[in-house]
Protein chains: 2
Amino acid sequence: MSRTRDPESTKRNILAAAKMEFATKGLSGARVDDIANVAKVNKRMIYHYFESKENLFKLVIEKAYLDIREAELKLNLEHLDAKSALETLVRFTWKYYLDNPEFIRLVNSENLHHARHLKTSKEVVQANRNYVGLVQSILDRGVREGEFRDQIDPVNLNITIAAIGYYYLNNRFTGSIIFEQDLMDSEALDKRLEFNIETILKLVSR
Amino acid sequence: MSRTRDPESTKRNILAAAKMEFATKGLSGARVDDIANVAKVNKRMIYHYFESKENLFKLVIEKAYLDIREAELKLNLEHLDAKSALETLVRFTWKYYLDNPEFIRLVNSENLHHARHLKTSKEVVQANRNYVGLVQSILDRGVREGEFRDQIDPVNLNITIAAIGYYYLNNRFTGSIIFEQDLMDSEALDKRLEFNIETILKLVSR
DNA sequence: TATAAATGTAAACAATTGGTTACTTGATTT
DNA sequence: AAATCAAGTAACCAATTGTTTACATTTATA
């Protein structure tokens with residue numbers, strides 16, 4: 001049966017279109033008209049369901065964070081030895097950024113705006129708390145197994161794992177110009193991933 | 001003598017105001033009127049000297065790159081042993097990002113726009129070529145001194161040195177929320193710098 | 001089945017935007 | 001000192017923007 005009305009699908013379409021629009025053009029550059037056109041809904045519906053452009057952005061960035069944290073939990077890193085778990089996490093983080101370039105763009109936008117949309121989001125804070133705990137448990141296990149150094153700060157390790165992927169991909173356009181090579185060709189990408197794994201493993205090894 | 005007209009100072013004021021405006025609000029979010037007000041010049045002067053908002057942005061981002069590359073050259077890393085040279089470079093990069101947060105924001109904006117303003121800038125490419133050469137020479141020296149591993153890719157090393165500082169500072173707002181600590185308090189900043197030096201030195205060591 | 005609530009459309013609005021026009025004032029040159 | 005050009009001002013414009021108003025239609029419910 002073909003329903004002529006479908007509020008859930010309308011909301012989903014708006015959110016998906018908004019995510020791409022905000023990621024491509026930033027918060028200021030994004031156009032509500034364009035979001036409506038891509039989502040194939042009347043512009044009025046955006047205000048009906050999401051109140052304002054600003055609030056729509058808030059929901060988009062919140063969902064983006066919850067999505068990546070959820071994907072990380074699915075890795076089931078508890079079942080691996082510490083070294084494999086850490087390598088898996090580095091690989092995952094890289095691949096996630098590579099497959100979801102919108103995530104990086106959205107995080108940049110949110111930081112340009114001093115994270116004002118995320119400030120009130122308890123859910124995102126909790127999801128991240130679990131994530132830091134996960135990395136801490138890998139570190140503990142690595143120490144017990146005699147593989148990792150003691151006293152490594154899990155937050156700084158987390159940040160570095162993200163950083164070495166994020167920066168490369170975020171700055172792929174300026175990078176490809178100033179380094180005079182295509183940073184996005186598959187050979188360069190593979191090489192970078194291996195480089196990153198090496199960086200992290202050397203950092204934690206005894 | 002007080003000159004009522006001073007084109008050089010007018011241009012300088014416009015460029016300085018534009019740099020801050022673009023860094024704070026991005027290319028789309030920046031307002032030509034605001035740049036004119038901050039620079040204390042008539043809006044007409046911006047178009048007189050810089051043609052368009054877009055072209056003004058181009059000059060701002062070009063100058064930003066030339067400035068950092070120039071500052072790096074002043075470090076005179078050739079006179080240091082390889083390990084000290086590399087540590088100095090990591091410290092410098094961190095401090096430069098810390099003291100010039102506009103640089104990070106501008107690079108983000110340029111990447112959001114697929115680096116279209118930098119594409120035609122021969123000068124920036126040349127400046128960066130010198131920079132990669134500098135890092136390569138440090139690596140060579142380190143190998144000769146028996147301190148560094150062989151075959152380290154200078155471009156990926158460069159990218160990683162930048163990444164570990166850039167990401168932390170770029171995402172300081174979202175980071176302070178999701179990690180539930182002020183990433184910008186001086187203790188956290190010192191700790192991060194030491195962490196980064198350790199990361200790079202462990203990466204290159206034999 | 002009548003009715004109210006939810007879902008949707010079209011058009012318009014007030015404010016803002018990058019950019020321009022028409023004009024004035026100061027400095028330099030011959 | 002006249003003339004010419006560069007530097008500067010104020011007001012305005014057409015286009016675009018996020019948001020709203022007024023209205024129509026579908027769906028669920030009493």
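Hydrogens, waters and symmetry mates play no part in the numbers below; they use all other heavy atoms, side chains included. Chain A is the first sequence line, chain B the second, and so forth, proteins listed ahead of strands; every chain is numbered from 1. Note that the structure is a prediction, hence the values are computed from the model and not measured.
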Atom pair distance, as rounded to whole Å: [atom1] in [X] and [atom2] in [N]:
X       : N      : atom1 : atom2 : value
A:Glu8  : C:dG8  : CD    : P     : 10 Å
A:Glu21 : D:dG18 : CD    : P     : 9 Å
B:Lys53 : C:dG19 : NZ    : C1'   : 12 Å
B:Leu56 : C:dG19 : CG    : P     : 10 Å
A:Ile46 : C:dG8  : CD1   : P     : 12 Å
B:Met45 : C:dT25 : CE    : P     : 15 Å
B:His48 : D:dT9  : NE2   : C1'   : 12 Å

Practice task
Can you measure from CD1 (B:Ile161) to CD1 (B:Ile200) and round to the nearest 0.5 angstrom?
Solution key: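 If we round to the nearest 0.5 Å, B:Ile161:CD1 and B:Ile200:CD1 are 5.0 Å apart.
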Handout entry: Gap between atom CD1 of A:Ile14 and atom CE of A:Met45 - 0.5 Å precision
Key =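 Answer for the CE-CD1 pair, A:Met45 versus A:Ile14, is 7.5 Å.
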Practice task
Would you check if there is a donor-acceptor pair between the side chains of A:Tyr96 and A:Asp67 at a distance under 3.5 Å?
Solution key: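 Side chains of A:Asp67 and A:Tyr96: no pair found under 3.5 Å.
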Name each donor-acceptor pair under 3.5 Å that joins a side chain in residues 174-189 of chain A to protein atoms two or more places apart or in another chain, with its distance.
unit_1: A:Thr174; atom_1: OG1; unit_2: A:Asn171; atom_2: O; d: 3.4
unit_1: A:Thr174; atom_1: OG1; unit_2: B:Asn111; atom_2: OD1; d: 3.4
unit_1: A:Thr174; atom_1: OG1; unit_2: B:Asn111; atom_2: ND2; d: 3.0
unit_1: A:Ser176; atom_1: OG; unit_2: A:Arg172; atom_2: O; d: 2.8
unit_1: A:Ser176; atom_1: OG; unit_2: A:Leu183; atom_2: N; d: 3.1
unit_1: A:Glu180; atom_1: OE1; unit_2: B:Arg129; atom_2: NE; d: 2.8
unit_1: A:Glu180; atom_1: OE2; unit_2: B:Arg129; atom_2: NE; d: 3.4
unit_1: A:Glu180; atom_1: OE2; unit_2: B:Arg129; atom_2: NH2; d: 2.6
unit_1: A:Asp182; atom_1: OD1; unit_2: A:Met184; atom_2: N; d: 2.8
unit_1: A:Asp185; atom_1: OD1; unit_2: A:Glu187; atom_2: N; d: 3.2
unit_1: A:Asp185; atom_1: OD1; unit_2: A:Ala188; atom_2: N; d: 2.8

Practice task
Looking only at side-chain atoms of A:Tyr47, point me to the closest of D:dG18, D:dA7, C:dT7.
Solution key: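 That would be D:dG18.
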Polar pairs (N or O, both sides) under 3.5 Å between protein and nucleotides 21-23 of chain D?
unit_1: D:dT21; atom_1: O4; unit_2: A:Arg44; atom_2: NE; d: 3.3

Handout entry: Sugar-phosphate, base or nothing in reach of B:Tyr49, heavy atoms under 4.0 Å
Key =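 The answer is sugar-phosphate, as B:Tyr49 gets under 4.0 Å only of primed atoms, P, OP1 or OP2.
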Practice task
Just jot down the salt bridge (charged side-chain N to carboxylate O under 4.0 Å, His left out) partners of B:Glu8, sequence neighbours excluded, or say none.
Solution key: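 Residues passing salt bridge (charged side-chain N to carboxylate O under 4.0 Å, His left out) with B:Glu8: B:Lys11.
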Handout entry: Close residues, residues 23-43 of chain B, relative to DNA chain D [heavy-atom separation under 4.0 Å]
Key =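 Those residues whose heavy atoms fall under 4.0 Å from DNA chain D, taken from residues 23-43 of chain B in numerical order, are B:Asn42.
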Handout entry: Cationic N near anionic O, under 4.0 Å, B:Glu194 to B:Arg91
Key =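 Salt bridge: yes.
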Problem - Pairing of B:Arg69 and B:Glu72 as salt bridge, 4.0 angstrom limit - result: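 Salt bridge: yes.
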Problem - Residues that A:Lys58 engages under side-chain contact (heavy atoms from CB on, under 4.5 Å), provided they are two or more places apart - result: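 Here the qualifying residues are A:Asn55, A:Glu62, A:His117, A:Thr120.
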Handout entry: Residue-phosphate contact under 4.0 Å: B:Thr10 side-chain N/O, D:dG8 OP1/OP2
Key =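 Looking at the OP1 and OP2 atoms of D:dG8, one of them is under 4.0 Å from a side-chain N or O of B:Thr10.
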If you look only at distance, which donor and acceptor atoms sit under 3.5 Å apart when one is on a side chain in residues 22-39 of chain A and the other is two or more places apart or in another chain?
unit_1: A:Thr24; atom_1: OG1; unit_2: A:Met20; atom_2: O; d: 2.4
unit_1: A:Lys25; atom_1: NZ; unit_2: A:Glu21; atom_2: OE1; d: 3.4
unit_1: A:Lys25; atom_1: NZ; unit_2: A:Glu21; atom_2: OE2; d: 3.0
unit_1: A:Lys25; atom_1: NZ; unit_2: A:Asp34; atom_2: OD2; d: 2.9
unit_1: A:Arg31; atom_1: NH1; unit_2: A:Ser28; atom_2: O; d: 3.0
unit_1: A:Asp33; atom_1: OD1; unit_2: A:Lys43; atom_2: NZ; d: 3.4
unit_1: A:Asn37; atom_1: ND2; unit_2: A:Asp33; atom_2: O; d: 3.3

